[in-house]
Participant: 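Take this structure first; my questions come after.
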Amino acid sequence: MINRLNIGKDIKHLERKIKKDIKEHPILSERKDLQLYHIFWLQSDCLLAKEEYSDCSFLSKVYPLYRSSYSKILSIKTGKYLQNFATFVCDSTGAIIATASSRILHVASCYDEEDIELARILYHNEMDFIFYLSGTFVGTYFGIKGDNVYVISRESMDQLKKHPLGEFLGCCYDEFLVSPAFKPPLR
């Protein structure tokens, strides 16, 4: 998916920015065992039909979003970064130490269960690539492992579940995949 989206260089550019922020952080700069795991934010220009999900053709209609950064003092554009839904900064055991983006590095004493579970999935290589697709219900992510596409959705407030895409479309498409703002009106 990274090759199809042609974002390999953009990921490295984003990671350099995050690693620079880590080096400048008074506590995290001491850590040498940190790993970065990304949840990307992708978008489509059109409302995707259920059939486009079922045959996976939607993957050819999505593209990454970018965010420009500016100098805090001079308001001069300083770079363009791949917009991520989240980057988890994890230690060698996969525990989240911080979250990051091109704008901010956030260190907290605890993280919500959804973030912890997503980081765990990436740490254990259960998915090669995870992304959030604009227009889908918050708490619904797509994961790719090899040639297989999965939906990772919130089953309850604290629990995520992985469904093969076909299974998910059969049981949960109307509930989770289409955000209420994008659902066609009832007749």
Side-chain angles (χ1 to χ4, degrees), residues 1-43 62-134 136 138-146 148 150-162:
M1 189 70 177
I2 291 171
N3 291 336
R4 196 199 66 69
L5 292 169
N6 195 25
I7 58 173
K9 289 181 182 179
D10 297 329
I11 292 170
K12 288 179 183 171
H13 184 59
L14 174 65
E15 287 183 345
R16 277 193 300 275
K17 168 70 168 91
I18 293 170
K19 288 176 182 178
K20 177 180 175 261
D21 291 345
I22 289 171
K23 283 182 183 176
E24 294 173 359
H25 191 275
I27 297 169
L28 295 182
S29 62
E30 304 295 318
R31 304 286 302 259
K32 301 296 180 213
D33 63 338
L34 301 179
Q35 301 167 352
L36 304 178
Y37 299 102
H38 306 285
I39 307 289
F40 295 98
W41 193 325
L42 302 182
Q43 180 171 320
V62 298
Y63 57 89
L65 297 171
Y66 290 88
R67 177 188 180 287
S68 296
S69 66
Y70 295 88
S71 164
K72 293 175 185 168
I73 299 169
L74 302 174
S75 296
I76 298 172
K77 187 174 178 179
T78 58
K80 179 175 129 182
Y81 296 95
L82 187 62
Q83 187 168 335
N84 54 341
F85 194 77
T87 292
F88 304 117
V89 180
C90 298
D91 66 13
S92 61
T93 67
I96 300 175
I97 303 300
T99 57
S101 70
S102 64
R103 292 179 292 175
I104 190 168
L105 178 69
H106 178 72
V107 180
S109 58
C110 63
Y111 296 92
D112 70 31
E113 291 298 320
E114 185 173 304
D115 288 348
I116 292 169
E117 182 63 15
L118 288 167
R120 187 197 65 74
I121 289 168
L122 290 165
Y123 175 78
H124 289 291
N125 293 316
E126 293 176 28
M127 294 292 156
D128 301 324
F129 188 87
I130 296 178
F131 63 96
Y132 170 76
L133 181 60
S134 289
T136 59
V138 174
T140 303
Y141 307 90
F142 292 89
I144 298 175
K145 181 68 175 176
N148 299 311
Y150 297 86
V151 174
I152 304 165
S153 64
R154 187 181 304 159
E155 296 291 308
S156 66
M157 286 305 288
D158 295 335
Q159 184 183 14
L160 291 177
K161 183 166 182 182
K162 291 182 292 191

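Reckoned from all heavy atoms, side chains included, excluding hydrogens, waters and symmetry mates. Keep in mind the model is a prediction, meaning the values are calculated, not measured. In what follows, residues are counted from 1 in the order of the sequence shown.
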Participant: Nearest 0.5 Å, what's the CD-OG distance between Gln83 and Ser102?
Facilitator: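 Going from the CD atom of Gln83 to the OG atom of Ser102 covers 7.5 Å.
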Participant: Say you draw a straight line from CD of Glu30 to CD1 of Ile22; how long is it, rounded to the nearest 0.5 Å?
Facilitator: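 Here the rounded value is 13.0 Å.
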Participant: Where is the tightest heavy-atom contact between Leu82 and Pro64, given as atom of each residue plus distance?
Facilitator: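 Minimum heavy-atom separation between Leu82 and Pro64: CD1-CB, 3.5 Å.
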Participant: Show the numbers, then the answer: is there a side chain to side chain contact (heavy atoms under 4.5 Å, CB included) between Lys162 and Val151?
Facilitator: CA-CA 6 Å; Lys162 291 182 292 191; Val151 174; over 6 Å; no
Participant: When rounded to the nearest 0.5 angstrom, what is the spacing between CG in Leu118 and CD in Glu113?
Facilitator: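 Reported to 0.5 Å precision, the distance equals 11.0 Å.
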Participant: Are Leu42 and Leu5 packed together at the side-chain level, in the sense that at least one heavy-atom pair is separated by less than 4.5 angstrom?
Facilitator: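 Yes. Closest side-chain heavy atoms under 4.5 Å.
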Participant: Is there side-chain contact between Glu114 and Tyr141, with heavy atoms separated by less than 4.5 Å?
Facilitator: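 Side-chain contact under 4.5 Å: yes.
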Participant: Heavy-atom distance under 4.5 Å between the side chains of Asp128 and Met1, does that happen here?
Facilitator: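 No, every pair of side-chain atoms sits at 4.5 Å or beyond.
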Participant: Would you say the side chain of Val62 lies within less than 4.5 Å of the side chain of Gln43, judging by non-hydrogen atoms?
Facilitator: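 Heavy-atom side-chain distance check fails, nothing below 4.5 Å.
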Participant: Give the ring-plane orientation class for Trp41 versus Tyr132, where under 30° counts as parallel, over 60° as perpendicular and anything between as tilted.
Facilitator: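 Trp41 and Tyr132: perpendicular rings.
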Participant: Look up atom OH in Tyr81 and atom CG in Leu14, then write down how far apart they are to the nearest 0.5 Å.
Facilitator: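 If I round to the nearest 0.5 Å, the distance is 8.5 Å.
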Participant: Under the side chain to side chain donor-acceptor pair (under 3.5 Å) definition, can you give me all pairs with a residue in residues 4-13, not counting sequence neighbours?
Facilitator: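 Listed by first then second residue: Asp10-Tyr66.
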Participant: How many angstroms lie between atom CG of Leu65 and atom CG of Asn84, to the nearest 0.5 angstrom?
Facilitator: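 Spacing of CG (Leu65) from CG (Asn84) equals 10.5 Å.
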Participant: So if I apply the ring-ring contact (aromatic ring centres under 6.0 Å, His included) rule between Phe40 and each of Phe129, Phe142, Phe85, which one comes out positive?
Facilitator: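 Answer to the ring-ring contact (aromatic ring centres under 6.0 Å, His included) test with Phe40 among Phe129, Phe142, Phe85: Phe129.
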Participant: Check Ile96 against Asp115 and note the closest heavy-atom contact, atom names and distance.
Facilitator: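 Smallest interatomic distance, heavy atoms only, reads CD1-O, 3.5 Å.
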Participant: What do the steps show when you test His38 against Thr87 for side-chain hydrogen bond (donor to acceptor under 3.5 Å, both in side chains), and what is the final call?
Facilitator: CA-CA 4 Å; His38 306 285; Thr87 292; 2.7 Å; yes
Participant: Under 4.0 Å between a Lys/Arg side-chain N and an Asp/Glu carboxylate O for Glu126 and Lys145?
Facilitator: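 Here Glu126 does not pair with Lys145 in a salt bridge, since their nearest N and O are not under 4.0 Å apart.
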Participant: Could you please spell out the steps behind the side chain to side chain contact (heavy atoms under 4.5 Å, CB included) verdict for Arg31 and Ile97?
Facilitator: CA-CA 10 Å; Arg31 304 286 302 259; Ile97 303 300; 3.9 Å; yes
Participant: Once you round to the nearest 0.5 Å, how far does CE of Met127 lie from CG of Asn125?
Facilitator: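 That separation rounds to 11.0 Å.
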Participant: Side chains of Thr140 and Ile152: closer than 4.5 Å at any heavy-atom pair?
Facilitator: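 The answer is no; the side chains never approach within 4.5 Å.
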Participant: Indicate the atoms forming the closest heavy-atom contact of Ala98 with Tyr111, along with that distance.
Facilitator: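 Shortest heavy-atom separation between Ala98 and Tyr111 comes out as CA-OH, 3.2 Å.
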Participant: Side chains of Thr99 and Ile104: closer than 4.5 Å at any heavy-atom pair?
Facilitator: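 The answer is no, as the side chains (C-beta and beyond) never meet within the 4.5 Å cut-off.
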Participant: Quick check: closest heavy atoms across Ala100 and Val89, and the distance to 0.1 Å?
Facilitator: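 Smallest heavy-atom distance, with atoms named: CB-CG2, 4.2 Å.
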Participant: So do Arg16 and Lys19 actually touch side chain to side chain, heavy atoms under 4.5 Å?
Facilitator: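 Counting from C-beta outward, Lys19 and Arg16 never come under 4.5 Å.
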Participant: Looking at every non-hydrogen atom in both residues, tell me the closest pair between His106 and Ala108 and how far apart they are.
Facilitator: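 Here His106 and Ala108 meet closest at NE2-CB, 3.7 Å.
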Participant: Taking all atoms of both residues into account, what is the closest heavy-atom pair of Phe131 and Ile144, and its distance?
Facilitator: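 Looking at all heavy atoms of both residues, the closest pair is CE2-CD1, 4.2 Å.
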Participant: Assess the residue pair Tyr37 and Cys90 against the criterion (side chain to side chain contact (heavy atoms under 4.5 Å, CB included)); give the C-alpha distance rounded to whole Å, side-chain angles, the decisive distance to 0.1 Å, and a yes or no.
Facilitator: CA-CA 8 Å; Tyr37 299 102; Cys90 298; 3.7 Å; yes
